[in-house]
Engineer: 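Quick one: this structure, given as structure tokens, is what I'll be asking you about.
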Amino acid sequence: MTPIYPPEPFRIKVVEPIRLIPPEERELKLIEAGYNLFLMKAEDMFIDLLTDSGTGAMSQEQWAAIMRGDESYAGARSFVRLEAAVQDVFGFKHFVPTHQGRAAENILAACRVKPGQWVPSNMHFDTTDANIRARGGRPANLVIDEAHDPENRHPFKGNMDLAKLRAFIEKYGREQIPFGMITVTNNAGGGQPVSMANIKAVADLYHEFDIPFFIDAARYAENCYFIKQREPGYESKSVKEIAHEMFSLADGMTMSAKKDAIVNIGGLLCVNDDALFQDIKNELILREGFPTYGGLAGRDLDAMAVGLYEGLDEAYLSYRLGQTAYLAARINEAGIQTIQPTGGHGVYVNAGALFPHIPNYEFPAQALAVELYREGAIRGVEIGSVMFACLDPETGLWHYPKLELLRLAIPRRTYTQSHLDYVADTLANIKDRAHSVSGYRFTYAPELLRHFTARFEPLALEVASA
Ligand SMILES: Cc1ncc(COP(=O)(O)O)c(C=O)c1O
């Protein structure tokens, strides 16, 4: 019998203590940080679900690989080992390591995006969005409408809307679209997977117009496991075979290895095109480092080479997706809405539904992030109007995202089921006093990626509910 929530396929050999600081101290820490949890110290967190990026626990094999790291500047053995793994798992013609995902995005955007050009995707993650904008480009999100309905149980809510994509390409034309993307799984839309059928159709559409197709592969292994579980015809294929099929459809990929390669730092940029690869190497040398280390230490390359295989392990993937499903089920039992079906790497709590009295421009999901810390020293991240509201340069109007979400991202192989129970119980306590929670306003906000450094102050409840 396969358990609904498979237990950890590992046991614990090293422990890292965590402590719960008292409520009065938490209140002071919140004020000091301008109510921005990115500006708080990890030592003041009891359970840190800010991100699953780079926060996972490495295995004994990865730590052993770190000891084998070759720190030669050029042509290190570590690079050769990583090259073999990257070739085996992804199969692209060329690759460079980068220090993380956004570095790969920056290099790709620097090499190909010109001012005024568009880059469509199902949904760009914030760093991809910002890297395109930083080159004067314009990101476009063309995910299916079901993605915006938190109750809709479509099995592949990360899918691209093919009709919207065709209309978009026909409107702007090949010259205005240097490349197209798709993000697997769709982090900004709830960690929702994309089906193989959709990826194929997207690839065909881009290629029909001669537009290169890139996959943002941060969580490709989780996406492939969802395909195995949910898409007819893939039940008996291995996750690695599914990954091969997926990447054979693309012309390249960017990847933050801090997710499905289970490393604390690292990224990849892979391409098939020889001329583009030459440009990438030149840009990489300027920004990151020589192409055989790309801003990483040799030991990091070795940890990635091992992690790429561990991230594809099916016992691990079924435990991992089970852990996310368990946390969501416990939160739903408390009567709190989360995005359905539960995604791969985190639970996305519908803060807009929990705090209907807080309008989007007073940041309901930021308010929930603050309450979760206040109540239980738990850190989540706002994925709502703080992160994604933006001024449309053409109309001068503010665009707000359709959902106000608090993401509770689960670091890989790090927390136990009782930690997750504590998170669900803490949220249930907040629900009991939800009507007394107020919204926030910025006291400082930068132009791009404002969630990282913004500062806030709470609004009086009368103002928030006026
Ligand atoms: C889908 C996706 N793409 C890109 C990135 C950027 O990766 P990094 O944080 O390694 O720069 C992230 C990070 O969270 C992500 O989730």
Side-chain angles (χ1 to χ4, degrees), residues 89-92 101-102 104-105 108-109 112-113 117-132 137-148 154-169 172 174 177-227 230-231 234 242-256 259-260 267-273 276 343-345:
V89 173
F90 302 107
F92 291 104
R102 71 198 66 186
E105 293 159 6
L108 180 62
R112 284 297 176 266
V113 178
Q117 288 187 325
W118 290 91
V119 181
S121 186
N122 50 350
M123 277 173 101
H124 292 284
F125 190 62
D126 61 355
T127 57
T128 329
D129 181 296
N131 270 305
I132 294 163
R138 287 177 285 184
N141 295 330
L142 305 174
V143 73
I144 54 172
D145 290 341
E146 287 89 336
H148 302 300
H154 191 297
F156 291 102
K157 269 169 103 172
N159 280 359
M160 183 91 82
D161 186 318
L162 298 166
K164 281 189 210 160
L165 180 61
R166 178 174 287 282
F168 185 90
I169 299 175
Y172 292 105
R174 195 252 168 275
I177 305 176
F179 57 90
M181 297 190 78
I182 201 160
T183 311
V184 300
T185 58
N186 179 18
N187 183 5
Q192 300 292 327
V194 183
S195 71
M196 187 69 85
N198 190 258
I199 298 172
K200 265 190 199 135
V202 166
D204 286 349
L205 198 45
Y206 283 136
H207 291 152
E208 182 186 326
F209 290 87
D210 203 21
I211 296 168
F213 169 38
F214 278 75
I215 296 178
D216 176 339
R219 298 180 182 81
Y220 80 97
E222 291 172 8
N223 199 99
C224 291
Y225 197 72
F226 278 123
I227 289 175
R230 298 182 184 171
E231 192 163 349
Y234 289 91
I242 298 172
H244 276 163
E245 182 175 339
M246 184 163 102
F247 292 110
S248 73
L249 300 166
D251 302 293
M253 66 168 221
T254 56
M255 180 176 175
S256 169
K259 284 82 170 174
D260 279 358
L268 295 169
L269 175 54
C270 301
V271 293
N272 285 332
D273 186 274
L276 174 57
H345 64 291

Engineer: Which heavy-atom pair separates Pro155 from Pro193 by the least distance, and what is that distance?
Structural biologist: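 Pro155 and Pro193 have their closest heavy atoms at O-CG, 3.5 Å.
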Engineer: Has Tyr172 got a side-chain atom pairing as donor or acceptor with Gln117's backbone, closer than 3.5 angstrom?
Structural biologist: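 Pair absent, no side-chain N/O of Tyr172 close to backbone of Gln117.
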Engineer: So, for Val113 and Phe179, which heavy atoms are closest and what is the spacing to 0.1 Å?
Structural biologist: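 Looking at all heavy atoms of both residues, the shortest contact is CG2-CE2, 3.7 Å.
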Engineer: Ignoring hydrogens, what is the shortest heavy-atom contact between Lys200 and Leu249? Give both atom names and the distance.
Structural biologist: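 Heavy atoms only, the tightest pair is CG-CD1, 3.6 Å.
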Engineer: CG of Asn272 to CZ of Phe92: how many Å apart, nearest 0.5 Å?
Structural biologist: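 If we round to the nearest 0.5 Å, Asn272:CG and Phe92:CZ are 6.0 Å apart.
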Engineer: Between Asn141 (side chain only) and Val143 (backbone N and O only), is there a donor and an acceptor less than 3.5 Å apart?
Structural biologist: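 Here the side-chain-to-backbone pair does not exist.
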Engineer: Verify, without hydrogens or angle tests, whether Asp161 (side chain) and Leu142 (backbone) share a donor-acceptor contact under 3.5 angstrom.
Structural biologist: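 It does not hold such a pair.
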Engineer: Which pair of heavy atoms, one from Met255 and one from Ala217, lies closest together, and at what distance?
Structural biologist: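 Scanning both residues completely, I find the closest heavy atoms to be CG-O, 3.7 Å.
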Engineer: Look only at the side chain of His124 and the backbone of Val119, and say whether a donor-acceptor pair between them is shorter than 3.5 Å.
Structural biologist: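 Yes, His124 side chain to Val119 backbone: donor-acceptor pair under 3.5 Å.
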Engineer: With a 3.5 Å distance limit and no angle check, can you tell me whether Ser256 reaches the backbone of Ala218 through a side-chain donor-acceptor pair?
Structural biologist: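 Looks like no, no N/O pair under 3.5 Å.
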Engineer: Can Thr254 and Glu105 be counted as having a side-chain donor-acceptor contact under 3.5 angstrom?
Structural biologist: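 Distance-only check fails for Thr254 and Glu105.
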Engineer: Let's go through Ile169 and Tyr206 carefully: what are the C-alpha distance in whole Å and the side-chain angles of both, what is the deciding distance for side chain to side chain contact (heavy atoms under 4.5 Å, CB included) to 0.1 Å, and is it a yes or a no?
Structural biologist: CA-CA 8 Å; Ile169 299 175; Tyr206 283 136; 4.1 Å; yes
Engineer: Taking the side chain from Asp260 and the backbone from Ala221, do they hold a donor-acceptor pair closer than 3.5 Å?
Structural biologist: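 Yes; judged by distance alone, with no hydrogens or angles, the pair exists.
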Engineer: To the nearest 0.5 Å, how far apart are CE in Met160 and CG in Leu165?
Structural biologist: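 Answer for the CE-CG pair, Met160 versus Leu165, is 5.0 Å.
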Engineer: Kindly give the heavy-atom pair with the smallest separation between Phe156 and Ile144, and that separation in Å.
Structural biologist: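 Minimum heavy-atom contact is O-CD1, 3.7 Å.
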Engineer: Keeping Gln192 on the side-chain end and Ala147 on the backbone end, is there a donor-acceptor pair under 3.5 Å?
Structural biologist: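 No; judged by distance alone, with no hydrogens or angles, the pair does not exist.
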Engineer: If only atom types and distance count, is the side chain of Asn122 paired as donor or acceptor with the main-chain N or O of Gly158 below 3.5 Å?
Structural biologist: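 At least one qualifying donor-acceptor pair exists.
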Engineer: Do you know the tightest heavy-atom contact between Met246 and Met196?
Structural biologist: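 Met246 and Met196 have their closest heavy atoms at N-CE, 3.8 Å.
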Engineer: Can you tell me which residue among Lys157, His154, Lys164 is in a side-chain hydrogen bond (donor to acceptor under 3.5 Å, both in side chains) with Asp145?
Structural biologist: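 Per the side-chain hydrogen bond (donor to acceptor under 3.5 Å, both in side chains) rule, the option paired with Asp145 is Lys164, out of Lys157, His154, Lys164.
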Engineer: I'd like to know if the side chain of Asn159 and the backbone of Ser195 have a donor-acceptor N/O pair within less than 3.5 Å.
Structural biologist: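 The answer is yes, because a donor-acceptor pair under 3.5 Å joins these two groups.
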Engineer: Go through Phe214 and Asp216 one step at a time and tell me if the side chain to side chain contact (heavy atoms under 4.5 Å, CB included) criterion holds.
Structural biologist: CA-CA 7 Å; Phe214 278 75; Asp216 176 339; over 6 Å; no
Engineer: List the residues meeting side chain to side chain donor-acceptor pair (under 3.5 Å) with Asn223, not counting sequence neighbours, and say none if there are none.
Structural biologist: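 With neighbours one apart ignored, the set is empty.
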